[in-house]
Structure formats: C-alpha cells, structure tokens
Amino acid sequence: QVQLEESGGGLVQAGGSLRLSCVASGSIFGINAMGWYRQAPGKQRELVADITRGGSTNYGDPVKGRFTISSDNAKNTVYLQMNSLKPEDTAVYYCNVLRWGVRDWGQGTQVTVSS
C-alpha cells in the first residue's frame, strides 16, 4: 500500500497563492501518475490536476491558467502551485496516486480562500 502525506493547505485571501505538496511512501513501485482532486461542500469530487511519470499533465477547466502541477519522481513527490486563488477554490484537496491501475488517496488538506 501507498501512504500519502499532504501539506501546504490553509487559509488565504482571494488573489493569493498556496503550494501543496504530497509525498508518497511505502509500496511506491508501479506508480504511473500522481495528482489532485478536490471536493467542496455539496459538490462532487472533481479533478484539479494530474501528472504522469512521463510528465504529461491534465487540468480541470476551473483551474487552467492559475494552477500548475509538477513532480519530482526521484522523491515520489507531487506539487500543486495555486495562484490567483478564488473563494470558489475552497475545498478539501486530496492527493492521489495511480498504481497498477488503482487509485490510492491521501486524507486531504483543507484550502480556504476568503473574499
């Protein structure tokens, strides 16, 4: 099993920035992608961004142009740079890894953007 440790969440004013980090440990062999989903109260969990081990990226439409995902494969770490934050970005952000076709999830980190 993979353990995921998320950090970097918190409270920020609209227009500000946060950087989330997620470190994978444990049975890390076979990880093909890492990324982030988020879930706001009353809403479905949605894709924020993900990145494959080969470096291909994918972003959800609401964050395109504002968020950037990156990874350090040697450290089994994925980052999410969040700029120009909006109140509607408020959600619990969940790190995830795709390993052998199965997704594992972190516990989530709260991001709150005040107006």
Side-chain angles (χ1 to χ4, degrees):
Q1 297 182 6
V2 177
Q3 289 78 49
L4 300 174
E5 185 70 27
E6 300 132 318
S7 62
L11 175 65
V12 66
Q13 293 183 347
S17 298
L18 287 173
R19 188 180 190 234
L20 305 183
S21 299
C22 177
V23 181
S25 62
S27 300
I28 59 176
F29 182 76
I31 293 176
N32 290 327
M34 299 183 69
W36 299 89
Y37 281 70
R38 69 186 184 186
Q39 188 166 22
K43 297 182 66 177
Q44 296 271 47
R45 185 174 298 188
E46 65 179 4
L47 171 72
V48 178
D50 60 19
I51 184 168
T52 69
R53 186 161 292 274
S56 297
T57 59
N58 186 39
Y59 294 91
D61 286 340
V63 309
K64 289 180 179 177
R66 299 188 297 120
F67 293 6
T68 302
I69 191 169
S70 61
S71 64
D72 185 337
N73 289 336
K75 297 181 179 180
N76 300 114
T77 300
V78 65
Y79 308 94
L80 184 68
Q81 181 66 45
M82 309 165 67
N83 297 327
S84 301
L85 283 162
K86 305 174 181 179
E88 48 264 45
D89 294 318
T90 296
V92 177
Y93 284 69
Y94 296 92
C95 180
N96 74 93
V97 299
L98 182 64
R99 186 175 70 94
W100 304 120
V102 177
R103 289 193 184 275
D104 291 322
W105 300 88
Q107 294 184 3
T109 184
Q110 178 70 46
V111 172
T112 301
V113 184
S114 65
S115 60

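- Listed by chain and residue number, Arg53, Ser71 satisfy the side-chain contact (heavy atoms from CB on, under 4.5 Å) test with Asn73 (two or more places apart in sequence, or in another chain).
- For residues 106-115, every residue pair satisfying the side chain to side chain donor-acceptor pair (under 3.5 Å) rule, not counting sequence neighbours, is listed here: Gln110-Thr112.
- When every heavy atom of Leu18 is checked against every heavy atom of Gly8, the shortest pair comes out as CD2-O, 3.8 Å.
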Chi angles and distances behind the side-chain contact (heavy atoms from CB on, under 4.5 Å) call for Val111, Met82: CA-CA 10 Å; Val111 172; Met82 309 165 67; 4.1 Å; yes
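- Of all non-hydrogen atoms in Leu4 and Gly106, the two that sit nearest each other are CD1-N, 3.5 Å.
- Among residues at least two apart or in separate chains, side chain to side chain donor-acceptor pair (under 3.5 Å) pairs with a member in residues 8-27 are Ser17-Asn83.
- Applying the side chain to side chain donor-acceptor pair (under 3.5 Å) test to pairs two or more places apart or on separate chains, those with a residue in residues 89-103 are Arg38-Asp89, Arg38-Tyr93, Arg66-Asp89, Asn96-Arg103.
- Linking Ile, Leu, Val, Met, Phe, Trp and Tyr residues whenever their side-chain heavy atoms come within less than 4.5 Å leaves Leu11 and Val113 in two separate clusters.
- Here the straight-line distance linking atom CD of Glu5 with atom OG1 of Thr77 works out to 11.0 Å at 0.5 Å rounding.
- Residue pairs satisfying the disulfide bond (SG atoms under 2.5 Å apart) criterion with at least one member in residues 63-115, sequence neighbours excluded, are listed as follows: Cys22-Cys95.
- By the ring-ring contact (aromatic ring centres under 6.0 Å, His included) test, Tyr37 pairs with Trp105, sequence neighbours left out.
- The 12-atom threshold is exceeded at NZ of Lys64, counting heavy atoms of other residues, nucleotides or ligands nearer than 6.0 Å.
- Residues Tyr59 and Leu47 are not in side-chain contact: their nearest non-hydrogen atoms beyond the backbone lie 4.5 Å or more apart.
- Hydrophobic clustering (ILVMFWY, side-chain heavy atoms < 4.5 Å, transitive): Val12 and Phe67 are in one cluster.
- Contact annotation: the side chain of Val78 approaches that of Trp36 to within less than 4.5 Å [non-hydrogen atoms, C-beta and beyond].
- Here the straight-line distance linking atom OG of Ser56 with atom CD1 of Ile51 works out to 8.0 Å at 0.5 Å rounding.
- The side-chain heavy atoms of Val23 and Asn76, taken from C-beta on, include no pair separated by under 4.5 Å.
- In the hydrophobic cluster analysis, where Ile, Leu, Val, Met, Phe, Trp and Tyr join through side-chain heavy atoms closer than 4.5 angstrom, Leu20 is grouped apart from Tyr79.
- Atom CD1 of residue Ile28 and atom CD of residue Gln1 lie 14.5 Å apart, to the nearest 0.5 angstrom.
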